[in-house]
There are 2 protein chains.
Amino acid sequence: MSEKKEDLLHMAETLFDNHGFHSIGLKKIVSESGVALMTLYNHFASKDELAAEVLKRREERYMEHLTFFDTYLEENGEYPDSPFVRIAIAHAHWLTDNSYQGCLFLRAKEEYASKPDHPIVELANGHKRKLREFVQNSDLRRSPKEALRLCLLIEGATALAETEDPDTAARELVAIAESLFAKTQISAV
Amino acid sequence: MSEKKEDLLHMAETLFDNHGFHSIGLKKIVSESGVALMTLYNHFASKDELAAEVLKRREERYMEHLTFFDTYLEENGEYPDSPFVRIAIAHAHWLTDNSYQGCLFLRAKEEYASKPDHPIVELANGHKRKLREFVQNSDLRRSPKEALRLCLLIEGATALAETEDPDTAARELVAIAESLFAKTQISAV
DNA sequence: CAATAGATAGAACGATCAATCTATTTATAC
DNA sequence: GTATAAATAGATTGATCGTTCTATCTATTG
């Protein structure tokens with residue numbers, strides 16, 4: 001991939017994170033990237049396609065983070081039995097390692113809500129669905145409801161990190177997850 | 001308060017909920033309200049002041065909902081011992097009774113993040129602080145960390161209601177809160 | 001050197017934005 | 001009935017938006 005395109009995607013992700021999709025203009029993105037406006041249009045058909053690619057890359061990075069974090073936990077000694085707890089820890093590190101302002105997918109869904117069939121809305125919905133399936137498939141002994149509860153905790157920690165210290169939000173996420181899912185006993189609810 | 005002003009505040013809240021603050025124009029607000037543009041400017045100095053009043057009214061309504069929901073629970077037989085569980089139930093009903101798209105205060109904070117001292121950002125931060133204090137003061141036997149955990153659950157349910165059925169999000173919020181806080185025993189963590 | 005492709009700056013387009021002004025109409029109060 | 005205030009429609013201002021176009025410049029390749 002072109003270096004300019006990489007720069008654009010990286011800067012667009014940062015600006016979308018900090019200001020939202022509709023609030024940030026293309027001129028801001030290209031000026032901050034040190035790239036000409038026409039270069040942006042040579043790589044992306046429109047602003048929406050740029051936003052869509054930003055979201056796709058974010059999703060790839062996030063899912064890789066969740067997947068590869070198990071190996072990190074193994075190498076560093078701490079390896080909780082419960083896959084749900086390990087996912088919670090992985091998400092906690094995602095929150096502390098990045099300085100995001102809430103979930104970019106939820107923001108995208110909100111900002112494009114007036115067009116429910118827009119590809120960006122489907123990307124956002126797809127991401128949440130994939131995350132729920134990832135959680136569910138990580139521990140088949142757990143019920144779909146329990147998977148949904150871990151998703152609730154993950155969303156809650158991401159939101160709490162906006163108004164509280166991200167480290168605090170991350171710590172409480174893990175604490176709750178351990179309290180709910182650490183025990184070998186699987187609740188039948 | 002003027003009827004036109006009420007109409008404007010109500011319509012603005014709905015449109016801000018569904019489309020965000022920066023995405024919705026004043027002309028949309030006045031046309032949907034059946035009110036002239038100048039009437040809006042007779043009641044509000046600017047778009048930002050309108051948004052600020054919308055948030056103030058939302059906060060009042062939400063805190064009243066939390067406060068008065070205890071009496072509703074009493075009258076309808078079900079009255080859990082734990083104040084934390086009662087707050088979770090109250091928030092669950094808030095989610096199912098309204099068709100909001102995420103937390104309007106978090107959205108405001110995100111959209112105005114480029115101006116950290118903006119009154120709207122301070123309104124959003126103030127609301128989250130008040131909610132945390134409300135939770136903390138509802139049960140002084142609980143630790144600040146436990147109060148923060150209920151806040152995390154509340155945020156999580158609000159976020160989950162965006163991609164899942166709000167009824168589902170509300171039900172799982174109550175289920176987790178009961179699992180964590182229903183027992184008389186207070187954890188010392 | 002010549003040719004091709006990619007990147008550049010800058011202007012221009014139509015549209016929309018928040019905000020202001022004017023002039024007219026409607027409703028309330030004395 | 002008259003005076004006062006509120007609400008109305010519509011035009012306007014200056015700014016910004018996404019998008020397109022042109023014309024110049026730079027780098028690589030043959």
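Throughout, a chain's letter reflects where its sequence line sits, starting with A, and its residues are numbered from 1.
The CG atom of B:D48 sits 12 Å away from the C1' atom of C:dA19 (whole-angstrom rounding). Rounded to a whole Å, the OH atom of A:Y41 is 12 Å from the P atom of D:dC17.
Listed pair B:S2 / D:dA7 meets the phosphate criterion, a side-chain N or O lying under 4.0 Å from OP1 or OP2.
Listed by first and then second residue, the ring-ring contact (aromatic ring centres under 6.0 Å, His included) pairs involving residues 130-168 of chain A amount to none (not counting sequence neighbours).
Side-chain atoms of B:T163 and A:H127 form no donor-acceptor pair, as typed in the model, at a separation below 3.5 Å. Residues A:H65 and A:D97 bring no donor and acceptor atom of their side chains to less than 3.5 Å of each other.
Here the rule is salt bridge (charged side-chain N to carboxylate O under 4.0 Å, His left out) with B:E164, and of A:R132, A:R129, A:K128, A:R149 only A:R132 fits it. Shown are B:E53, B:E64, B:E13; of these, the salt bridge (charged side-chain N to carboxylate O under 4.0 Å, His left out) with B:R58 is made only by B:E13.
Between C:dA19, C:dA7, D:dT20, one nucleotide has an atom nearer to the side chain of A:H43 than all others, and that is C:dA7.
Within residues 108-122 of chain B, no residue has a heavy atom under 4.0 Å from DNA chain D.
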Please write out each protein N/O paired with an N/O of nucleotides 8-12 of chain D under 3.5 Å, distance rounded to 0.1 Å.
{"unit_1": "D:dT8", "atom_1": "OP1", "unit_2": "B:K4", "atom_2": "NZ", "d": "2.9"}
{"unit_1": "D:dT8", "atom_1": "OP2", "unit_2": "B:A36", "atom_2": "N", "d": "2.9"}
{"unit_1": "D:dT8", "atom_1": "OP2", "unit_2": "B:T39", "atom_2": "OG1", "d": "2.6"}

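Tracing side-chain contacts under 4.5 Å through hydrophobic residues (I, L, V, M, F, W, Y), one reaches B:I154 starting from B:I176; they form part of the same cluster.
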